[in-house]
Every structure is written in C-alpha cells, then in structure tokens.
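Accompanying notes for the structure given below.
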Amino acid sequence: MPNTTRRLGRRNFLRALGASAAASAAFGLRRRPLAAQPAPDGSPYFLIVLGASGGANLLDSLLARRQSECPATVHAFPDQVVSDIAGTDFRAVDLSFESLGPIPMPFEANQSSFVNKRKDDLMVVTHTGTSVNHAIAQRRAVTGNEAWLGRTLQETVAATYGEGYALPNVYLTEQGFAARGLDDSLPTYAFGETVADPLVWPLALDGRKGIRDAPTADDLQKARALRNDVLDPGSQFEKIFGQAQRLKHWRHQRGAPQAGVEAQGLIDDLILLDEPALLGSYGLTASDDLPALLDKFPDLHTDPFEAQAALAFLLLKNQVSCTVTLAPSLQATINDSQGLDVRNPPIAFDFSHQDHPSAQAFMWRRVMQVADALADLLATVPFGEGSMWDRTLIYFATDFGRTKNKPSGASSFGSGHELNNGSVIMSPLVQGGKVLGGIDDATGFTYGFDRQSGAPVPGTEMSEPDVFAGILQALHVDTAGSGLPDVPAMRRG
Amino acid sequence: MSRELFALILLLAPVGCGSDAEPTDPTAPTATPQTPTDPPPTVVPSFAPHVRFKGGAVYANDLARGLELDRDEVCLELGVSDCATEVHKVALGGVDPYDGGVYKPLPEAPVTAPIALDRIAVSACSLRAERDFAAPSSAAFYGALAQGDTSTEARGSVVMALYDRLLLRNPTTAELEAVVGLYDELDGDELPRRWSKLACIAIATTTEAAFY
C-alpha cells in the first residue's frame with residue numbers, strides 16, 4: 001500500500017489560488033427493463049457508497065465487545081467505555097487516546113452520539129468475505145463477488161434510475177470501490193465518471209465558461225457542429241481510423257452526454273472554491289450551498305474526504321447523479337498549520353497494522369462524521385413528499401474485517417486482515433436498529449441470519465452476494481432473474 | 001465559386017502569416033502552403049484501427065507550438081493552474097498518484113474529457129486571436145482580418161495556415177470551403193474576431209488533432 005504523506009495545502013492549484021487571492025484581494029440502450037419490483041412512485045432512489053478503506057472492523061464500533069464478555073485474547077474494550085444503545089442491538093465505544101499509533105497526537109472518538117442519533121436508520125449485516133487483498137476485496141464489496149454478471153451496485157442503481165441524469169454514477173475515489181463492472185450490456189451512462197479532485201473538477205463541466213475572451217455558447221456550438229458534422233466525418237484520418245473503439249467512444253462522449261452536462265449549467269452549481277472575487281472575475285460563482293457545506297465540512301478545502309462528501313451532496317441534490325462513491329484517502333492528510341493535526345492516517349483503516357484500537361477508533365469517527373453530515377444535508381432537500389434522505393442508502397463498504405485476537409490483556413496491538421466481518425448500512429429504507437446475525441463472544445467471529453426474518457443463525461455465514469442483493473432490494477431495484485438471493489430482512493416495510 | 005477558382009485565388013493571395021516570430025521547433029512548418037490538397041478518391045479503412053489519445057500534456061504542447069504561444073499561457077484555469085497538466089490531467093488520460101490516488105489512466109475517456117479538451121483549445125485559440133487583433137502588424141495568423149480584410153482569400157489563407165500548423169497538412173478543398181464558409185453563418189458584431197477563434201477551435205479539436 002502506498003503510504004506517502006499528504007499534507008494539507010498540498011495542491012498546486014490551491015496554493016496558486018491563495019497567492020492569487022492575496023494579490024487581488026463536467027446512450028446506450030437499455031437491454032431489458034430492470035424494474036419488475038419498481039420504485040413505488042417511479043422516482044429514483046439514491047446510493048452512497050462510503051468506502052471504509054483498509055478494513056473497518058465491526059468489533060470496534062456497533063458490535064463492540066466488553067472485556068468481561070470475552071476471553072483475554074479476543075479484542076474487547078473495558079466495560080465502562082462500551083455503551084448499549086437503547087432499543088437497538090447496537091453498541092458504541094467512546095474512547096480517548098494519547099496517540100494515534102506511533103503518531104503522538106491525542107484525540108477522542110465518540111461513537112455513542114452518532115449511533116444514538118442515527119439508530120433508527122442504522123443496520124448491521126454480518127457476513128464473511130472472500131479476499132484479504134485490499135483491491136480485490138473492495139471490488140467484491142461492490143460487485144457481491146461478481147454476483148450479478150459482474151455489475152457493480154453503483155452501475156446497477158445508475159442503470160435503474162440514472163437515465164436522464166447528466167452523470168448518474170460518479171466516483172470520487174479511485175479505489176476498488178470504484179471498480180468498473182463486467183456487464184457491458186448495461187447502458188453506457190451507468191458506468192462511472194471519475195472525479196480526481198472535487199475542488200476543481202467542476203471546471204470541466206462546460207467548454208467555455210470561466211475562460212476569458214471565449215466565444216459565446218452559440219458560437220462555440222457552431223464550431224463544434226462544423227467539427228462534428230463536416231471536418232471529422234470528412235477527414236482522411238477518420239476514414240481510415242474511424243472505427244477505432246477509442247474514436248467511437250470519444251465521438252459518443254462529445255455528443256449527447258456532453259450536451260447533457262453542459263445544458264444543466266452545472267459549473268456554477270458545483271464549484272466549492274471559496275474565492276468569490278477570483279471566480280467572479282472569470283464569470284463564475286461558487287455553489288449557493290457552500291455556506292451550508294462549510295458548516296458541515298469545515299475542512300473541505302484542505303481535507304480531500306470532506307471535499308468528496310461536499311461534492312457528493314451537490315451531485316445528488318442537483319440531480320446530477322443518483323449514486324456517488326467516496327472514500328478516505330490511503331495517504332496521510334496532515335494539517336501542519338496548527339501543531340500536529342492528522343486528519344487521515346496513512347492507509348486509512350489499514351493503519352490498524354500499526355495500532356489497531358486507535359486506528360479503528362479514529363477512522364470510525366471519520367466515516368461516521370461524514371455519513372452523519374450527508375444525512376443531515378440530504379434531509380434538508382425536499383423530494384416528493386419527503387426529503388432526499390428518505391430515498392437514500394449509505395453503504396459503509398469495506399474491504400474486510402480485522403483479526404479478532406490480541407496478546408492477552410493488551411490494550412495496544414496491531415491487527416491483520418480477516419475475512420469475517422459485516423457491513424454497516426444507514427438508510428430509512430432498511431431495518432433500522434437491527435443487527436442481522438450475531439457475534440460469538442468466545443471468538444469475536446460473526447455469524448449469519450435468516451434471510452426472511454433476520455433472526456440470528458449461529459453456525460452460518462452470510463456472503464457477499466447476500467449484502468449485494470439486500471442493498472439493491474432495499475433500493476427497490478428489481479433483482480428478479482438475476483440469481484441473487486431475496487433478502488427481505490434487510491429492507492424496511 | 002468553383003474549386004479551381006478558389007484554389008487560384010489562394011495561389012495569388014498573400015501569405016496570411018505575418019508574425020515576426022519564427023517557429024523554434026525544427027519540425028514545425030516554416031512556410032504556409034497555398035493550395036488545398038485533396039485526398040485520393042478512394043480511402044481504404046484500416047482493418048485494425050488502433051489509435052491513441054495524445055493526452056493533455058502533448059496536446060497542449062502541440063497547440064502552443066502551432067499557435068505560437070508560450071506553453072505556460074495555453075490554458076490556465078482561473079488564471080493560476082495549467083489545464084492540461086494539473087486541473088484536467090486525469091480526465092485527459094493522466095495519472096495523479098500523490099494527490100488523487102490515481103495510479104493508472106482511466107480505462108475510457110470520461111464525459112468530461114472532450115469538454116476539457118475543448119477548454120484548452122478555446123483558451124488557446126481565443127488568446128491567439130485576441131493577441132493578433134490587438135497587434136495586427138505582428139499577428140501570427142489573423143493579421144489581414146484584423147486589418148479589415150475579410151475576403152474569402154484572406155480567410156482561406158488563415159485556414160491554410162491553421163491546418164498547416166495544427167494538423168501538419170493541407171486542408172482538402174472541402175475542409176477549406178467549410179471553414180471559410182463558417183464566417184457566413186455568423187451574425188452580429190465582430191465577425192472577423194469571432195470567426196478567427198471558431199475556425200481555430202473547430203480544427204484544433206478534431207479527432208485528428210487529439211489522437212494519433
């Protein structure tokens with residue numbers, strides 16, 4: 001895993017912006033209908049894949065164990081720091097640490113406030129994965145181990161609900177959670193658009209806005225029409241090489257997809273840069289939602305994960321996308337402007353190799369904060385008779401769990417990769433307050449559940465296709481004929 | 001106007017490249033051809049058509065050379081950051097391992113790729129035109145138009161130069177007539193300046209300009 005250090009303010013663009021401010025005070029055809037179990041009113045549902053990169057261990061959050069319940073060699077916490085969440089099967093851990101592994105930075109990680117606030121929308125689904133390789137496991141977390149022709153959750157949701165959206169499926173991370181699926185029968189718009197940097201990516205959503213002395217939109221369209229309709233079709237280059245896949249794809253992208261993006265005028269809706277004078281001098285404005293976003297994500301200009309989350313919200317709110325994927329970086333994010341302030345440890349959850357308890361606590365806090373803020377923001381956006389949050393599902397996708405054992409009595413230790421774990425799902429569409437399956441206190445291993453009732457079934461294990469199917473079904477995606485199991489225990493109502 | 005007459009006019013027209021600046025790249029064209037070159041009547045398509053995208057950096061370099069601009073001024077988003085190698089680097093086939101965690105080029109061009117390419121061309125072509133119209137006597141391409149000569153011959157000469165500099169070949173007669181004719185589709189003010197930008201953009205964003 002790469003572990004290069006990433007420092008806040010690292011981007012040349014932002015550095016240059018800072019300097020500037022100081023000086024001047026971005027069709028295919030559907031093969032078959034997917035929705036035999038359609039959304040009740042025909043309108044879309046939204047999927048947020050929140051990648052908990054590196055192995056988010058459920059024994060360190062909603063399935064935490066007390067030391068009094070487990071053998072001394074099984075990872076558990078002092079009894080007093082583990083809370084039961086009333087009316088649910090959940091637990092939460094509130095901890096403070098003097099350091100983040102070898103990083104001498106004290107921090108606190110409070111889970112109980114988040115779990116109490118979101119308990120009615122939270123659900124834990126136990127399962128056992130099939131790979132302890134990060135990239136492979138991440139891919140399987142979104143394909144259900146290639147459960148449905150190799151398509152991903154995001155592609156399936158985009159294929160079901162994304163027609164008419166400018167960019168139905170956006171990947172704000174380039175990790176395995178953003179893998180391209182294998183089902184080429186899906187419409188082209190279902191495949192993801194990658195955003196490398198949320199702060200500047202919106203500038204690629206219009207061919208001319210924000211460029212000084214640029215032609216008018218009408219004039220530019222005339223130049224494009226000349227190019228597309230006369231120059232390219234007539235060129236010897238195209239006559240010889242025109243059937244090349246890359247050229248065909250390029251011509252497709254600059255056709256209806258490009259027109260769809262530009263027609264929505266997205267550039268001004270999605271800009272997150274807080275430089276009004278500079279933007280104004282280029283005829284641009286920041287998103288009207290920037291103040292609200294800064295309230296929820298105060299470090300969005302310096303923390304890439306917060307920037308991803310902010311743009312994810314805007315993409316959903318502005319009906320640009322119906323599924324977004326984000327994940328904390330695998331690189332360290334360090335704010336060195338005010339002492340040692342690590343926002344993201346190197347390799348994210350996988351920093352557990354160094355020190356499991358502190359790394360897990362720190363990273364769970366990080367993903368919980370982002371999920372909570374996204375839910376708060378989406379709850380403010382009217383949609384139908386409710387809000388967007390009412391139709392959204394956040395899937396805390398992770399690679400795998402972590403090893404369950406520790407040196408007897410140790411409070412600080414490193415952990416390895418473990419197939420057995422589970423997933424956290426947060427949505428008004430799922431069985432809130434439930435742990436589907438259970439955990440064996442003697443080993444720390446989770447076990448499965450009855451797909452119909454959700455009742456725990458010790459001695460069994462759920463698999464990646466179960467989670468994959470349950471998420472899609474909760475989002476009212478028709479899975480009939482797919483070969484996927486029916487998992488009614490995962491959906492509400 | 002017949003093609004023959006059109007070509008004759010071009011033969012007789014003065015060279016439209018009035019720049020004092022000489023191309024510094026020895027592989028760059030040094031003289032503007034004066035006649036279109038038509039392809040053979042039959043072109044056989046490749047049975048194995050493999051092409052590659054130039055990528056942002058190479059594309060911008062080619063634009064800079066072709067339009068006689070400094071590389072650093074081809075396209076700067078918000079005036080501060082290079083379009084090709086920084087802001088739109090990943091969309092245009094680059095990688096961003098240290099900041100964005102993008103270790104491999106995207107497998108396919110995203111929707112934003114052709115838009116980003118357009119932005120680079122729009123920026124560079126607009127700059128070239130504005131500069132030439134501000135100082136016609138030292139103009140690289142648009143000197144005659146900037147001085148009021150909007151004749152078919154003057155426009156044809158510009159198109160010949162643009163093809164020579166951007167695609168390293170002569171336009172065909174059809175291409176020449178089409179780009180020159182764009183002028184007549186425009187309404188309103190500042191037609192020479194506007195046409196100058198659009199002609200450049202149309203040629204600079206062809207697939208031939210972006211792939212090899």
Side-chain angles (χ1 to χ4, degrees), chain A residues 2 4 6 10-13 16-17 20 26 167 173-175 180 193-194 196-197 200-201 203-208 210-215 219-220 222-223 226-227 230-232 234-244 246-247 249-250 253-254 257-258 261-262 278-279 282 329-331, chain B residues 39 43-46 49-53 75 77-81 86-91 96-103 106-116 118-119 122-123 126-127 129-130 172 174-175 178-179 182 185-186 194 197-199 201-203 205-208 210-211:
Chain A
T4 49
R6 177 177 188 149
R10 74 231 169 272
R11 294 173 189 165
N12 292 333
F13 188 74
L17 272 184
S20 173
L167 297 167
T173 178
E174 186 56 18
Q175 298 175 29
R180 188 193 191 280
E193 176 85 10
T194 297
D197 187 335
V200 296
W201 172 80
L203 292 167
L205 297 176
D206 191 286
R208 52 164 298 280
I211 300 173
R212 285 190 174 141
D213 300 316
D219 276 1
L220 180 56
K222 287 185 171 71
L226 172 64
R227 173 195 69 194
V230 180
L231 300 185
D232 270 349
S235 79
Q236 208 166 347
F237 180 77
E238 280 275 355
K239 287 174 180 170
I240 296 172
F241 300 110
Q243 291 306 304
R246 285 194 178 101
L247 291 183
H249 180 69
W250 185 265
Q253 293 289 54
R254 74 183 188 188
Q258 175 180 302
V261 167
E262 291 188 329
L278 179 61
L279 290 171
Y282 284 86
S329 172
L330 296 174
Q331 297 172 346
Chain B
V43 175
V44 179
S46 169
H50 298 301
V51 297
R52 292 175 66 93
F53 181 55
C75 181
E77 291 291 8
L78 301 179
V80 297
S81 200
E86 295 179 24
V87 178
H88 307 304
K89 181 180 182 181
V90 172
D96 185 23
Y98 299 116
D99 282 342
V102 182
Y103 303 103
L106 301 179
E108 295 179 318
V111 176
T112 48
I115 303 177
D118 281 3
R119 287 183 76 82
V122 166
S123 174
S126 299
L127 179 61
E130 292 294 332
T172 63
E175 289 167 336
V179 181
L182 177 63
E185 295 178 22
L186 300 176
R194 288 162 56 201
K197 295 177 184 179
L198 301 184
I201 292 165
I203 296 166
T205 59
T206 54
T207 54
E208 182 177 352
F211 292 81

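Computed from a predicted model, the values in this text were never measured in an experiment. In what follows, chains are A, B, ... by sequence order, proteins preceding strands, each numbered from 1.
One finds the OG1 atom of B:Thr205 at 7.5 Å from the CG atom of A:Asp232 (value rounded to the nearest 0.5 Å). In this structure, B:Asp118 CG and A:Glu262 CD are separated by 7.5 Å, a value rounded to the nearest 0.5 Å. For the atom pair OG1 (A:Thr194) and CG (B:Leu106), the distance works out to 4.5 Å, reported to the nearest 0.5 Å. Taken to the nearest 0.5 Å, the CG atom of A:Asp219 stands 9.0 Å off from the NZ atom of B:Lys197. Going from atom CD of B:Glu185 over to atom NZ of A:Lys222 covers 7.5 Å, rounded to the nearest 0.5 Å.
Within the 4.5 Å cutoff, the side chain of A:Val200 has no heavy atoms near those of the B:Glu86 side chain. Within the 4.5 Å cutoff, no side-chain heavy atoms of A:Asp213 are placed close to those of B:Leu127. Counting heavy atoms from C-beta on, the side chains of B:Val51 and A:Phe237 come closer than 4.5 Å.
A donor-acceptor contact shorter than 3.5 Å is absent between the side chain of B:Glu208 and the backbone of A:Ser235. Between the side chain of B:Lys89 and the backbone N or O of A:Ala196 there is no donor-acceptor pair closer than 3.5 Å. Distance alone, capped at 3.5 Å, is enough to place a donor-acceptor pair between the A:Tyr282 side chain and the B:Gly79 backbone. Listed for the B:Arg119 side chain is a donor-acceptor partner under 3.5 Å among the backbone atoms of A:Asp206.
Using a 4.5 Å cut-off between heavy atoms, B:Ala178 touches chain A through backbone and side chain atoms alike. The contact between B:Val102 and chain A is made by backbone and side chain atoms together, counting heavy-atom distances below 4.5 Å. Using a 4.5 Å cut-off between heavy atoms, B:Glu130 touches chain A through its side chain atoms alone. Using a 4.5 Å cut-off between heavy atoms, A:Leu231 touches chain B through backbone and side chain atoms alike. In this structure, the portions of A:Phe241 lying under 4.5 Å from any heavy atom of chain B include both its backbone and its side chain. Interface residue B:Thr206: backbone and side-chain heavy atoms are both found under 4.5 Å from chain A. Using a 4.5 Å cut-off between heavy atoms, A:Arg212 contacts chain B through its backbone alone, with no side-chain atom that close.
Taking every heavy atom of both residues into account, A:Ile240 and B:Val44 meet most closely at CG1-O, 4.1 Å. Between B:Ala109 and A:Gln253 the shortest heavy-atom distance is O-NE2, 2.8 Å. When all heavy atoms are compared, the tightest approach of B:His88 to A:Leu203 is CE1-C, 3.9 Å. Contact record, B:Ser126 with A:Ala214: OG-CA, 3.7 Å, taken as the closest heavy-atom pair. The shortest heavy-atom contact between A:Ala223 and B:Ile201 is CB-CG2, 4.4 Å. Residues B:Ile115 and A:Gly207 share a closest heavy-atom pair of CG2-N, 3.5 Å.
Chosen from A:Gln258, A:Lys239, A:Gln243, the residue pairing most often with chain B at heavy-atom distances under 4.5 Å is A:Gln258. Each of A:Thr173, A:Leu220, A:Val230 has some count of heavy-atom pairs under 4.5 Å with chain B, and the biggest count is that of A:Leu220.
Under the 3.5 Å distance criterion, with hydrogens and angles disregarded, a donor-acceptor pair is assigned to the side chains of A:Glu193 and B:Thr112.
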